[in-house]
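Take a look at the structure below.
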Amino acid sequence: MEISAGPGRATPSTKTVQELAGGLSSPQVPARYVARGHHHGPAAAPAPVPVIDLGLLCCNQAAAAAAEAEKLRLALESWGLFLVTNHGVDAGLMDGMMSASRDFFRLPQEEKQRYTNLVDGERFQLEGYGTDRVSSPEQILDWSDRLYLKVDPEADRSPALWPAHPQSFRDLLHEFTGKCRAVKDVLLPAMARLLELDDHGYFLDQLGAGDGKAADTYARFSYYPECPRPELVFGLKPHSDGTVLSVLMVDDTVGGLQVLGDGVWWDVPVVPGTLLINLGDQTEIMSNGIFKSPVHRVVTNAEKERLSVALFYSVDPEREIEPAAQLVDEKRPAKYRKVKVKDYIAGLYENLSQGTMVIDTVKI
Ligand SMILES: O=C(O)CCC(=O)C(=O)O
Ligand SMILES: [Fe+2]
């Protein structure tokens with residue numbers, strides 16, 4: 001998510017959660033982090049989310065590829081969230097990116113502040129390091145800090161906000177971005193095929209990707225410090241991503257991500273070496289509701305910090321999206337109205353801070 005709204009005013013005195021967590025002298029958390037009415041215990045059970053072998057999906061043996069595609073269909077139509085193996089991001093790169101991210105968050109606060117997401121110490125900008133946008137004193141805050149960077153198209157990168165320490169960070173992020181781009185380029189045509197769209201490049205075209213141009217892509221590094229009262233506080237509030245899809249690499253030493261299914265929360269299993277794919281609202285809209293954008297959240301942990309790296313793929317903010325024409329007819333009327341991506345994204349942030357879901361505002 002965090003394909004999010006434009007600049008707003010932050011409360012200048014906002015400390016990062018990491019600073020706050022480090023300075024707590026009693027097992028209390030400030031009231032601004034307590035999610036009223038949302039006291040939550042552990043999830044009922046691990047979600048039986050599908051595991052898709054991307055190698056099989058693309059292989060030359062038609063029967064094996066078709067069977068894997070059917071598994072993918074179930075994943076897209078049920079959870080909207082699944083794990084992928086054989087994804088082409090090698091273990092060394094995954095470990096390297098994860099530990100460089102960890103090293104970044106372990107840097108002294110002054111060093112991290114060189115990449116602050118506050119302009120002049122108070123005006124929030126999307127890219128950079130810090131807490132999420134704080135737009136009102138009533139907003140319930142999440143127990144996480146983040147580093148948010150535009151990674152594609154390359155020409156849109158802001159090099160001054162890419163950490164210089166650890167030294168490997170920039171190269172690793174460049175490489176990781178390229179490998180995840182390829183994962184997305186396998187999944188999106190497979191999704192169009194499953195919807196029997198004549199144009200298998202439909203989703204890629206919507207993203208404006210192709211002809212050497214990369215889709216708008218943001219990376220979000222989320223750091224969730226240990227939290228003395230995990231039952232009262234969210235690492236990240238319930239939300240669905242405003243993207244076409246999100247590719248996530250999660251901490252394999254601690255869980256925390258949960259997904260809503262049939263009205264109950266399930267733990268998303270942690271499987272080392274896999275990537276997690278999460279469909280976003282833009283896909284739910286374009287597929288006319290056939291594919292699902294799952295509601296998910298992150299819970300905190302009293303003993304362990306947690307880290308995740310997400311890549312978010314989105315349609316250009318100036319474009320409009322709507323259900324694909326081929327998926328709309330008399331029997332299946334459009335379930336969502338046409339919406340400009342920029343407006344949708346503005347609505348995302350607005351709704352998130354109020355605990356409502358922006359997708360409901362475009363449902364017909
Ligand atoms: O940290 C995670 O596992 C999930 C993060 C997430 O859902 C998001 O950034 O939108
Ligand atoms: Fe998310």
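Whatever order the structure lists them in is the order used to number ligands and atoms, beginning at 1.
Taking a cutoff of 4.0 Å between a charged side-chain nitrogen and a carboxylate oxygen, Glu77 and Arg73 qualify as a salt bridge. Salt-bridge annotation for Lys335 and Glu322: absent, with no side-chain N of the basic residue lying under 4.0 Å from a carboxylate O of the acidic one. Checked for salt-bridge contact, Asp251 and Arg306 miss the test: no charged N lies under 4.0 Å from a carboxylate O.
With a heavy-atom cut-off of 4.0 Å, Asp241 touches ligand 1 through its side chain alone. Within the 4.0 Å heavy-atom criterion, neither part of Ala310 lies near ligand 1.
Below 4.0 Å from some heavy atom of His296 lie the following atoms of ligand 1, by number and element: 7 (O). Interface atoms of ligand 1 facing Val250, defined by a heavy-atom separation under 4.0 Å, are 3 (O). Proximity to Tyr224 (heavy-atom distance under 4.0 Å) selects the following atoms of ligand 1: 1 (O), 2 (C), 5 (C). For ligand 1 and Val298, the ligand atoms under 4.0 Å from any heavy atom of the residue are 1 (O), 2 (C), 4 (C). The Arg220 neighbourhood of ligand 1 comprises atoms 9 (O), with distances under 4.0 Å to a heavy atom of that residue. Shown in contact with Leu236 at under 4.0 Å from a heavy atom are these atoms of ligand 1, numbered in order with element: 5 (C), 6 (C), 7 (O), 8 (C), 9 (O).
With values rounded to the nearest 0.5 angstrom, Tyr218 atom OH is found 11.5 Å from Phe312 atom CZ. Annotation: the span from Leu57 atom CG to Glu68 atom CD amounts to 6.5 Å, rounded to 0.5 Å.
Ring-centre distance between Tyr115 and Tyr129: not below the 6.0 Å cut-off. Taking the six-membered ring for Trp and the full ring otherwise, Phe221 and Phe169 have centroids separated by under 6.0 Å.
With hydrogens and angles disregarded, no donor-acceptor distance shorter than 3.5 Å links the side chain of Glu111 to the backbone of Pro108.
Checked against the Fe ion (ligand 2), the N, O or S atom of Asp241 at the shortest distance is OD1. The minimum distance between the Fe ion (ligand 2) and any N, O or S atom of His296 involves atom NE2.
Nearest-heavy-atom check against atom 3 (O) of ligand 1 across Arg306, His239, Arg297 picks out Arg306.
The shortest N or O to N or O distance between Ser222 and ligand 1 is not below 3.5 Å.
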